[in-house]
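Every chain is numbered from 1, with letters handed out A, B, ... down the list of sequences. These values consider heavy atoms only, across backbone and side chains, with no hydrogens, waters or symmetry-generated copies.
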Amino acid sequence: MRYVYFFTALFVVLAVSVLGFRGSVSTKPPLELIPDMDHQAKYKPQAASPFFADGRADRPLPPGVVARGDLREDDQLYRGKNSDGTWVHGFPAALTVDAKLLARGQERYTIYCQPCHGAVGDGNGITKQYGMGATPSYADDRRLKLSGGEIFDTITNGSVLNKNMLPYADKLVPEDRWAVVAYVRALQRAQQGTVADVPPEHKPELGLK
Amino acid sequence: MSQLFPKSANRLPLQIVIYLFVLGGIASAGINYYATNKYSNVGYTPVQPVPFSHALHNGQLGIDCRYCHSFEEKSGFSNVPTSQTCMNCHSLIKTDSPLLAPVRASYASGDPVPWIQVHILPDYVYFNHSIHLARGISCVECHGQINRMEVVGQAKSLTMGFCLDCHRDPAAHIRPHDQITNLDWQRPTDPVEVKKIEGYVHDWNVKPPQSCSGCHR
């Protein structure tokens with residue numbers, strides 16, 4: 001009987017040394033002993049499909065297709081242009097510019113723009129340290145004069161002068177793009193600040209009279 | 001008969017019964033330990049076509065999760081980024097790195113980079129990313145500290161028990177909306193703050209389903 005226990009113990013040691021412990025790193029896909037209905041005959045987003053020539057389950061829209069409610073007739077809101085083809089100055093009529101829009105713009109700006117353009121829009125984002133040297137400041141003469149529509153167009157289609165900035169239309173819906181435009185305007189205004197902008201009651205804190 | 005069976009054989013039936021109990025104990029301990037996702041799935045760290053480091057891009061550079069996984073707030077499915085997302089920076093940074101060749105090829109051809117999915121739920125589970133984010137559940141609750149991972153691996157078991165732990169007690173996992181993608185966020189210890197955070201469950205009308213059809217629909 002002693003031998004039986006001895007060999008059982010050996011077997012346990014062997015099994016543990018082969019199977020390892022929980023949480024150990026493995027590059028092999030998880031073993032499925034009982035697959036049940038884990039893999040069903042349905043497509044999930046970004047999945048593969050052997051049926052289509054390009055191997056994707058996600059199908060691109062055929063050219064010219066417009067989804068319901070997605071006609072985007074409002075040129076001002078969706079293209080930043082007036083009906084006569086000139087850039088929108090200020091904001092489209094369909095939007096209310098309020099603190100809510102600015103807050104949304106700040107949040108979206110922090111996610112999508114700050115890595116390159118920097119937290120204050122001076123072009124000193126984190127990517128500058130890694131070789132993206134050409135990011136300009138929003139507060140230079142040319143960019144201060146840009147109309148809202150042109151900034152909107154840059155976010156939608158990427159930069160016009162050089163192609164350094166790629167389009168962000170897939171990440172920001174038009175309303176969010178306008179929110180970012182509003183926040184960029186706020187950053188530009190902040191860069192233009194003077195002593196006269198400081199409220200009188202806060203002047204002593206800055207050592208001003 | 002005493003020639004065939006020595007006297008010690010009298011104890012044998014009892015010894016065999018005891019041994020079977022020991023064997024049964026070992027078997028159930030083994031099944032308990034090994035036959036669950038905690039063993040089979042946790043630690044699954046596939047080799048990706050591009051050695052993308054979340055520790056560098058998110059942890060060190062501070063790029064928000066949503067910069068790449070841009071639909072996770074709107075969609076039930078948190079998308080793997082397009083290769084244009086990589087090229088937003090890598091058209092100017094490390095433009096000739098051989099490690100990035102699959103991304104450049106994908107950007108030029110339009111075919112996706114063959115990333116390998118790490119967190120795989122069974123097809124009979126319905127999971128919606130956007131509602132979890134909207135109700136103040138951070139990425140870290142299910143994905144672990146992605147911001148410290150050089151190579152992403154599965155950190156949590158993602159079993160039904162794991163889901164239910166949180167669905168039964170959302171107050172222990174909820175956090176302010178602006179800290180959703182801050183994976184290093186610590187729950188405050190100050191009781192007033194804790195009460196406020198646990199109050200979000202009421203304020204945001206968080207009612208995680210515990211019925212079968214909540215997730216198996």
### Query
Is it the case that B:Tyr124 and A:Asp38 place a side-chain donor and acceptor less than 3.5 Å from each other?
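There is such a pair between these side chains.
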### Query
So, A:Ser24 and B:Tyr39: side-chain donor and acceptor under 3.5 Å apart, yes or no?
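Note: A:Ser24 and B:Tyr39 side chains miss the donor-acceptor criterion.
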### Message
Can a donor-acceptor pair be found, under 3.5 Å and without considering hydrogens, that links the side chain of A:Arg22 to the backbone of B:Val42?
### Response
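Not at all, since once roles are kept as given, no pair shorter than 3.5 Å links the two residues.
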### Query
Short question: side chain of B:Asp123, backbone of A:Gln40 - any donor-acceptor pair under 3.5 Å?
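Yes, B:Asp123 side chain to A:Gln40 backbone: donor-acceptor pair under 3.5 Å.
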Which answer fits [X], side chain, backbone, both or neither, if we ask what part of it has an atom under 4.5 Å from a heavy atom of chain A?
X: B:Asn79; result: both
X: B:Ser91; result: side chain
X: B:Ser157; result: neither
X: B:Leu92; result: both
X: B:Val22; result: side chain
X: B:Thr82; result: side chain
X: B:Phe71; result: side chain

### Query
Which of the residues B:Leu23, B:Asn37, B:Thr85 is involved in the greatest number of heavy-atom pairs with chain A at under 4.5 angstrom?
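With the most close heavy-atom pairs to chain A, the winner is B:Thr85.
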### Query
Which one of B:Gln15, B:Lys74, B:Arg11 has the most heavy-atom pairs closer than 4.5 Å to chain A?
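Greatest number of close heavy-atom pairs with chain A: B:Gln15.
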Part of [X] lying under 4.5 Å from any heavy atom of chain B:
X: A:Leu166; result: both
X: A:Gln129; result: neither
X: A:Val25; result: both
X: A:Lys163; result: neither
X: A:Pro167; result: both

### Task
Would you please classify the geometry between the A:Tyr112 ring and the B:Tyr67 ring as parallel, tilted or perpendicular, with 30° and 60° separating the classes?
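Rings of B:Tyr67 and A:Tyr112: tilted, 30 to 60°.
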#### Entry: Minimal non-hydrogen separation, A:Tyr5 against B:Ile18, with atom names
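Nearest pair, atom of A:Tyr5 first, then B:Ile18: OH-CG2, 3.8 Å.
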### B:Glu73/A:Arg104 under salt bridge (charged side-chain N to carboxylate O under 4.0 Å, His left out): CA gap, chis, key distance, verdict
CA-CA 14 Å; B:Glu73 286 174 306; A:Arg104 176 78 180 165; 5.3 Å; no
